[in-house]
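Structure first, commentary second.
Side chains are part of it too, since the values below use all heavy atoms of this structure and drop only hydrogens, waters and symmetry mates. Lettering of chains follows the sequences in order, A, B, ..., and the numbering in each one begins at 1.
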Amino acid sequence: MTTHKPHAQTGVTAGYDPAAVESKWQTRWRERGTHETDLEHGRNPLYVLMMFPYPSAEGLHVGNLFAFTGNDIYGRFQRLQGHTVFEPLGYDAFGIHSENYALKVNEHPMRLIPANIANFRRQLDGAGLMVDWRYSVDTTDPAYYKWTQWVFLQLYKRGLAYRKKAAVNWCPSCKTVLANEQVIGGHCERCGTPVEQRMLAQWFFRISDYAERLLKNLDWIDWSESTKLTQRNWIGRSEGAEISFRVLDPFEQAGSSTVTVTQEIKAEPDVIKVFTTRPDTLFGGTYLALAPEHPLVERITTDAQWDEVMAYRERAGRQDIVSRKVNKEKTGAFTGSYALNPATRRPIPIWVADYVLMDYGTGAIGGVPAHDERDFEFAKQFDLPIVRVIARQNEPASAPVHEPMADTEGCRLVHSGQFDGKSVADGHRAIVQWLEAKGSASKTVSYRLHDWCISRQRYWGPPIPIIHCDKCGTVPVPEEDLPVELPDIPNFKPDDSGVSPLARHKEWYEVHCPQCGGNARRETDVSDTFLDSGWYFLRYPSVGHDDVPFDAELTKRWLPVDSYIGGNEHAVLHLLYARFLTMVLHDMGYLDFEEPFKKFRAHGHIIREGAKMSKTHGNVVVPDAYFAQWGADTFRTYLMFLGPFEEGGDFRDAGISGVRRFLDRLWSSVSAASADGSPDPLVMRKLHQTIKKVTDDIASLGYNTAIAAMMEYVNVLRKNERTPHRAEVEPLIQLVAPFAPHMAEEAWEKLGHNVSVMDSGWPAYDAEVAREELVQLAVQVNGKLRGTVQIAPNAVQDAVLQAALADPNIAKHVTGEPRKIVFVPGRLLNLVV
RNA sequence: GCUCGGGUGGCGGAAUGGUAGACGCGAGGGACUUAAAAUCCCUUGCCCGUAAGGGCGUGCGGGUUCGAGUCCCGCCCUGAGCACCA
């Protein structure tokens, strides 16, 4: 027998030394290949993916680490549960981030990135992630982007990549084109500069062709609801009708009292198609409005109105997107022409207005001032007629329209000819049917999702593998010629020319046409960094297979990804693009699945000083100092203890000490553990309750409550300075291993095991051991708690009632026979008197 | 403006419609120490009461229910996203 009390006396200094333990195990893991996954033979494969970081010069910050740790815990948990877990990580190192930083510090990204990656790797290893680094990717490595270019070529082959001159989002500060997804409220996502419109020839991917499928599959994929909702809204499906308005020729217009004839007669009448979700309001359409960029504007503008319309169009085009979108004041110009409202058979004026967007619907609208806020404002501004065609239940048809009314529920059609009195829904159907029969309407669906512009007039990206030949036109680079390597040029600074810095390098872009051999020119734009990240998860298992983008066998075995956890800020960027590219590769027969991520969970964000931790808020914390002071295990556990993983948490230094204390105590219990005697049944009961709670909580990412449960157990283990039994401690080490892997390894070894704790399995839960003999059952009188009784959990009502009334304090509130008794076995008794 | 989250002690946060505040921080008291740190133990929602006990409490106002932090209706505040999308 020992006379000293090792348990009570083991303090921090004497016992747990994280610095030593962590460096020892990081070395050992590397030497033993503990984190190496047997991709070919591992049983029960499970692919756990985390969003790969952009390796910034500032290094890994706590926001990144929070996400990685949450993923790592899940991966380790699954491994302990018997899966062969593949948990790779790489670097998303191309893109404007890196390039701008390189420009700022006046260094070349080709030199800068490797140093940043090395620093990240040091930090990531310090965090104790279970990453198999043999399968890492770096998007800037030609061996990787060779296949990014290959992906582009597949889309090109499939007719899903096309080039067109289009009004695109141009950031005057970054000097490049941005995708719609990169424009936040009219400003550049990167630098916050107001985005301008420019007409440039750009490469696009036809993601809009996949809008319906991208939307439909959301119904069955197991993703966070919030992420799915964001994608649904972004895809923005609207059902409605396309209605044709015939432009009147001048003679017809002459019939209208307000018009002077100046136009020539056209052989074929022009037709303006309009998209609407409210065909039921068609009788209230009192004008048409075209987007300034609409192709028919020039044809229909009369001589008298020509100058005014052209001037207006020029102004609208020059205006940057921000003021066009944010400035809600309605402007416009009358074209001088009229169109026939197919419902009322009356001529209505055609206007040009910049509140009509060319890239949604048909670029033209039928103005219904009475029932649309914007049309109402426009009609007020230009004194156009406002006709009520929808009325609420008790509203007379003649009620004046003081403000636009877009209600549909309980409303009926008025001033709508034969459709008067119909409900909005019926009127909608009937009017479309009626016009369809006449050939002037058809049911359609419109999406807000636009094609993905992937051209970037920058340097730091994979060149788009296209060659422009005067004779042959656009020629794809033959696959055997990939990669088209990005040249190492000293001056990569972008300029205002609208073309990439690569366009300043003749020696690079002058090539022979792969088809005719004549003189030709390389495409000098590079592709969007989201193309790099749109398929990286396909590459990980096949790293090393240099002759294919992804090996068929390995892909079959490991994909689709089983678990993906990442930030919701990528809901409409990366996560939508990855789904799209996967669908395309599936349709081309390269993949046998069409959704890349079986399960996706959005994690929360670390808040510090009231704002999300990010570089833009200037509140980032780098983990290194915390690792040094507290240990990586403590810091990992602390981050997960801050709050629910899917909601994030408030970062502050206070609180870390509590987690460290928990690990210290756990450690001293391990140190004190003895194999003598037998375990305490009460402690074993709590242990099995803890096993259940921790298992369930980790599976549902409830890391904070899993940690709380383990803390509770450690408190029980240590009660009254007792010496814990080995059997009480050993399973706890396995439970804590996902959170504090270094310490768990050390403790496991200390207890005499010579395999990694990660290969020791997960403790089995025994419901019988966990069962409570007595529960504290609440007794209420009229819904107010008046006491509790200690009783068997399966006690019947009468037994509980008897026990309750034996308590004088309860009895004194019960006067006479209860009118009603509510009994919930094992929980509560409520007496209503 | 629209959409989706969220409002619980001094703080971070727990609570399948069933004992609100688990766990942790902080604070107060005590043990150990010459002392401090560390460690260990106790207390800790607010109010009345020596106590037993009682009253009040989950942003605000209503409602449903034996019973509401949890469900319903109407507000307020706050975070995030979208934003002239026809």
Discussion item. Closer than 3.5 angstrom, by distance alone: can the side chain of His603(A) be matched with the main-chain N or O of Gly648(A) as a donor-acceptor pair?
Written reply: no
Discussion item. Taking rC75(B) as the reference, what is the distance to rG69(B) when you measure between their P atoms (whole Å, please)?
Written reply: 23 Å
Worksheet item: What is the pairing partner of rC46(B), taking Watson-Crick or G-U wobble pairs with both distances under 3.5 Å in any strand?
Response: rG55(B)
Practice prompt. Verify, without hydrogens or angle tests, whether Gln790(A) (side chain) and Leu774(A) (backbone) share a donor-acceptor contact under 3.5 angstrom.
Written response: no
Item to complete: Begin from the C-alpha positions of Glu225(A) and Lys228(A) and carry the test salt bridge (Lys or Arg N to Asp or Glu O under 4.0 Å) through to its verdict.
Response: CA-CA 5 Å; Glu225(A) 279 307 317; Lys228(A) 294 210 268 189; 3.8 Å; yes
Worksheet item: Heavy atoms under 4.0 Å, any strand shown: does Lys784(A) hit a base, just sugar-phosphate, or nothing?
Response: sugar-phosphate
Fill in: Residue Phe641(A), side-chain heavy atoms: nucleotide from rG12(B), rG67(B), rG55(B) that is nearest
rG12(B)
Worksheet item: rG62(B) and rU70(B): how far apart are their P atoms, nearest whole angstrom?
Response: 14 Å
Discussion item. Can you confirm whether more than 12 heavy atoms, excluding those of Glu373(A), are under 6.0 Å from its CD atom?
Written reply: no
Fill in: Mate of rU39(B) where both pairing distances stay under 3.5 Å, Watson-Crick or G-U
rA31(B)
Worksheet item: Where the side chain of Thr230(A) is concerned, which of rG81(B), rC25(B), rG55(B) is the nearest nucleotide?
Response: rG81(B)
Practice prompt. Among the candidates rG55(B), rA14(B), rA86(B), find the nucleotide nearest to the side-chain atoms of Tyr360(A).
Written response: rA86(B)
Worksheet item: How would you label the glycosidic angle of rG21(B): syn (within 90° of 0) or anti?
Response: anti
Discussion item. I need the CG-C1' distance between Leu449(A) and rA83(B), as an integer number of Å.
Written reply: 17 Å
Item to complete: With heavy atoms under 4.0 Å as the rule, sort Asn704(A) into base, sugar-phosphate or nothing.
Response: sugar-phosphate
Worksheet entry | 5'-most by nearest nucleotide on RNA chain B - Phe275(A) or Gly649(A) | Gly649(A)
Fill in: rG10(B) - base-pair partner by Watson-Crick or wobble geometry, distances under 3.5 Å
rC25(B)
Practice prompt. Remember a base hit wins even if backbone is also touched, and classify Asp375(A) as base, sugar-phosphate or nothing at under 4.0 Å, heavy atoms.
Written response: nothing
Discussion item. How many whole angstroms separate atom CG of Leu774(A) from atom P of rU19(B)?
Written reply: 18 Å
Worksheet item: Distance between the C1' atoms of rG5(B) and rU50(B), in whole angstroms?
Response: 49 Å
Practice prompt. Could you please name the option among rG18(B), rG54(B), rC82(B) that lies closest to any side-chain atom of Trp234(A)?
Written response: rC82(B)
Practice prompt. Please measure how far the C1' atom in rG54(B) lies from the corresponding atom in rC2(B), and state the result in whole Å.
Written response: 49 Å
Worksheet item: Nearest-Å distance, CD (Glu377(A)) to C1' (rA86(B))?
Response: 14 Å
Item to complete: Would you mind telling me which of rU39(B), rG18(B), rG53(B) lies closest to the side-chain atoms of Val822(A)?
Response: rG18(B)
Fill in: Closest contact, heavy atoms only, Ala441(A) versus Leu435(A)
CB-CB, 3.4 Å
Discussion item. Distance check needed: rA86(B) P versus Ile272(A) CD1, whole Å only.
Written reply: 20 Å
Worksheet item: With both distances kept under 3.5 Å, what pairs with rU19(B), Watson-Crick or G-U wobble?
Response: none
Worksheet item: Given rG24(B), rG26(B), rG55(B), which nucleotide is nearest the side-chain atoms of Asn715(A)?
Response: rG24(B)
Discussion item. By nearest atom, which of the nucleotides rC82(B), rC25(B), rC66(B) is closest to the Arg448(A) side chain?
Written reply: rC82(B)
Worksheet item: So what does Arg237(A) hit on the nucleic acid, given a heavy-atom distance under 4.0 Å: a base, only sugar-phosphate, or nothing?
Response: nothing
Discussion item. What's Leu229(A) touching, base or sugar-phosphate or nothing? Going by heavy atoms closer than 4.0 Å.
Written reply: sugar-phosphate
Fill in: Sugar-phosphate only, base, or nothing, as touched by Glu647(A) at under 4.0 Å among non-hydrogen atoms
nothing
Item to complete: For the pair Arg237(A) and Glu212(A), evaluate salt bridge (Lys or Arg N to Asp or Glu O under 4.0 Å) and give the outcome as yes or no after the intermediate values.
Response: CA-CA 8 Å; Arg237(A) 183 182 201 274; Glu212(A) 189 61 34; 2.9 Å; yes
Response to the item:
The residue, Tyr447(A) or Asn782(A), whose nearest nucleotide of RNA chain B is more 5′ is Asn782(A)
